[in-house]
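Everything below concerns the one structure shown next.
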Amino acid sequence: MKTDSTTMKKQINNQIKEFLKYLEEIRGYSDLTIKSYDETLKEAFLNHKESEAAKNIEIFQEDKNRIFNLMPYRIKIASLNSKTISKKLSAIRSFAKYLNDKGERVVVRADDSIKVAKTLPKPISHKIITEALLLAEPFERLIVTMFYALGVRISELASLETKDLSQGWIRVFGKGSKQRDMPLLPMLEEMLNDYLSLSKQKKFIFEKNGEKLSENSLRYIVIKVFKRVNIKVSPHQLRHSYATELLNNNAPIADVSELLGHSSMATTQIYTKLGSALKQKNYDKAHPLCGADK
């Protein structure tokens with residue numbers, strides 16, 4: 001049974017707004033992630049151009065279920081790379097799950113998974129990071145050092161509040177508002193204290209005009225600092241460098257996983273991608289049979 005398309009689109013539009021509000025207020029998703037979900041869902045469900053409307057997700061009622069047939073939309077995005085397609089489908093699945101959790105009966109069709117090759121940001125060497133820090137202004141140096149010494153996500157750094165600081169520790173709120181307490185290196189704590197003594201925060205550690213400094217501003221600072229040593233670096237690469245340095249220096253993977261705010265160690269293993277030589281070295285040190293002839 002088909003439902004009037006105008007009514008359906010209006011209903012879907014309202015539900016998308018409610019879903020995005022839920023992601024922001026309840027799940028604590030970053031502004032960038034919410035924007036990505038918003039663009040995908042509107043592209044998938046609400047294209048109003050006549051030439052594009054046929055490529056929307058098909059929505060209809062079947063018995064007591066609302067059907068989302070993804071096939072027209074999947075044909076539309078088929079030329080995109082597999083990682084982009086996977087992200088778009090993931091946003092649609094999350095939206096459908098949200099509706100089901102709210103009591104609707106939504107069934108998603110043509111929802112076959114996309115195989116995505118696991119790619120990782122290239123870590124930046126400690127030497128290059130040190131060289132870049134020597135050329136940075138004090139505020140820039142603090143931002144880059146926090147990314148590298150704490151391994152935080154850009155959304156986490158932007159959301160840090162002055163109340164999250166205590167002697168030798170900082171409380172970080174990650175995905176889904178999960179919190180973790182991170183140790184502060186003495187040099188980083190001193191840098192933070194010097195910065196806070198000279199600035200007038202109302203709430204957030206990094207502010208502009210009484211509002212938290214945007215993620216784009218933080219990203220620009222990192223890019224500008226490393227441009228001086230002729231290399232392009234993102235905040236996420238500094239997070240990866242943090243994790244890589246810890247694991248390469250024999251930090252237990254369980255501890256690194258907790259410090260990164262990962263929900264499982266499997267994520268950390270993919271994220272850090274230990275080299276085979278290091279794995280062999282750790283194996284030789286750990287397995288009792290490896291020392292049998294020693």
Side-chain angles (χ1 to χ4, degrees), residues 27-30 32-33 83 116-133 141-161 164-192 205 215 218-219 222 225-226 231 233-288 290:
R27 299 297 302 276
Y29 280 26
S30 71
L32 199 63
T33 301
K83 189 172 183 180
V116 180
K118 294 181 175 69
T119 58
L120 297 166
K122 186 178 179 180
I124 310 304
S125 73
H126 178 71
K127 182 180 180 218
I128 290 175
I129 293 172
T130 302
E131 288 175 3
L133 287 173
R141 190 177 300 118
L142 174 60
I143 296 294
V144 172
T145 302
M146 289 195 74
F147 276 122
Y148 182 44
L150 296 173
V152 290
R153 303 175 178 95
I154 192 168
S155 58
E156 294 170 343
L157 188 65
S159 300
L160 286 176
E161 300 181 16
D164 298 328
L165 284 167
S166 59
Q167 190 170 7
W169 295 87
I170 188 166
R171 179 159 291 176
V172 177
F173 292 86
K175 290 183 178 180
S177 296
K178 291 179 182 176
Q179 69 179 47
R180 62 191 189 277
D181 291 325
M182 307 279 293
L184 276 175
L185 294 172
M187 54 83 72
L188 179 54
E189 186 173 24
E190 185 178 344
M191 290 170 68
L192 266 172
I205 291 178
E215 293 178 21
L218 292 169
R219 187 178 292 106
V222 171
V225 167
F226 284 91
I231 183 172
V233 173
S234 70
H236 192 60
Q237 281 177 282
L238 292 176
R239 174 172 161 84
H240 186 53
S241 302
Y242 163 86
T244 303
E245 289 290 348
L246 289 179
L247 283 162
N248 284 351
N249 286 285
N250 302 315
I253 194 168
D255 291 346
V256 177
S257 182
E258 186 176 341
L259 289 167
L260 288 169
H262 286 162
S263 56
S264 75
M265 282 190 288
T267 307
T268 312
Q269 288 169 326
I270 294 167
Y271 191 99
T272 51
K273 199 176 183 182
L274 283 169
S276 58
L278 180 61
K279 288 180 184 176
Q280 183 67 54
K281 178 183 173 184
N282 288 342
Y283 174 79
D284 290 344
K285 286 167 61 179
H287 200 285
C290 293

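Not measured: the values here are computed from a predicted model.
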Side chains of [X] and [Y], heavy atoms from C-beta outward: is any pair under 4.5 Å?
{"X": "Arg171", "Y": "Glu161", "value": "no"}
{"X": "Val152", "Y": "Met146", "value": "no"}
{"X": "Leu238", "Y": "Phe226", "value": "yes"}
{"X": "Glu131", "Y": "Lys127", "value": "yes"}
{"X": "Leu188", "Y": "Leu142", "value": "yes"}
{"X": "Ile170", "Y": "Ile205", "value": "yes"}
{"X": "Glu245", "Y": "Ile129", "value": "no"}

Is the number of heavy atoms from other residues, nucleotides or ligands under 6.0 Å of Glu190 CD greater than 12? no
Least distance between heavy atoms, [X] atom then [Y] atom:
{"X": "Tyr148", "Y": "Ser241", "answer": "CE1-CB, 4.1 Å"}
{"X": "Val222", "Y": "Ser234", "answer": "CG1-C, 4.1 Å"}
{"X": "Gly168", "Y": "Glu189", "answer": "N-OE2, 2.8 Å"}
{"X": "Ala149", "Y": "Tyr242", "answer": "O-CE1, 3.3 Å"}
{"X": "Leu247", "Y": "Ala251", "answer": "CD2-O, 3.7 Å"}

Quick one, Met187 with Met191, criterion side-chain contact (heavy atoms from CB on, under 4.5 Å). Give me CA distance, side-chain angles, the key distance, then yes/no. CA-CA 6 Å; Met187 54 83 72; Met191 290 170 68; 4.1 Å; yes
How long is the gap from [atom1] on [X] to [atom2] on [Y], to the nearest 0.5 Å?
{"X": "Leu160", "Y": "Leu150", "atom1": "CG", "atom2": "CG", "result": "8.0 Å"}
{"X": "Glu156", "Y": "Glu215", "atom1": "CD", "atom2": "CD", "result": "10.0 Å"}
{"X": "Asp164", "Y": "Phe173", "atom1": "CG", "atom2": "CZ", "result": "5.5 Å"}
{"X": "Thr244", "Y": "Asn249", "atom1": "OG1", "atom2": "CG", "result": "10.5 Å"}
{"X": "Gln237", "Y": "Ile231", "atom1": "CD", "atom2": "CD1", "result": "7.0 Å"}
{"X": "Arg180", "Y": "Leu259", "atom1": "CZ", "atom2": "CG", "result": "8.0 Å"}

side-chain contact (heavy atoms from CB on, under 4.5 Å) between Asp255 and Leu246, worked out: CA-CA 9 Å; Asp255 291 346; Leu246 289 179; over 6 Å; no
Would you check if the side chain of Ser257 reaches a backbone N or O of Ile253 as a donor-acceptor pair within less than 3.5 Å? no
Check whether any side-chain N or O of Arg239 sits under 3.5 Å from a backbone N or O of Leu260 as a donor-acceptor pair, and report yes or no. yes
Before giving the answer on side-chain contact (heavy atoms from CB on, under 4.5 Å), spell out for Arg219 and Leu32 the whole-Å C-alpha distance, their side-chain angles and the decisive distance to 0.1 Å. CA-CA 12 Å; Arg219 187 178 292 106; Leu32 199 63; 3.7 Å; yes
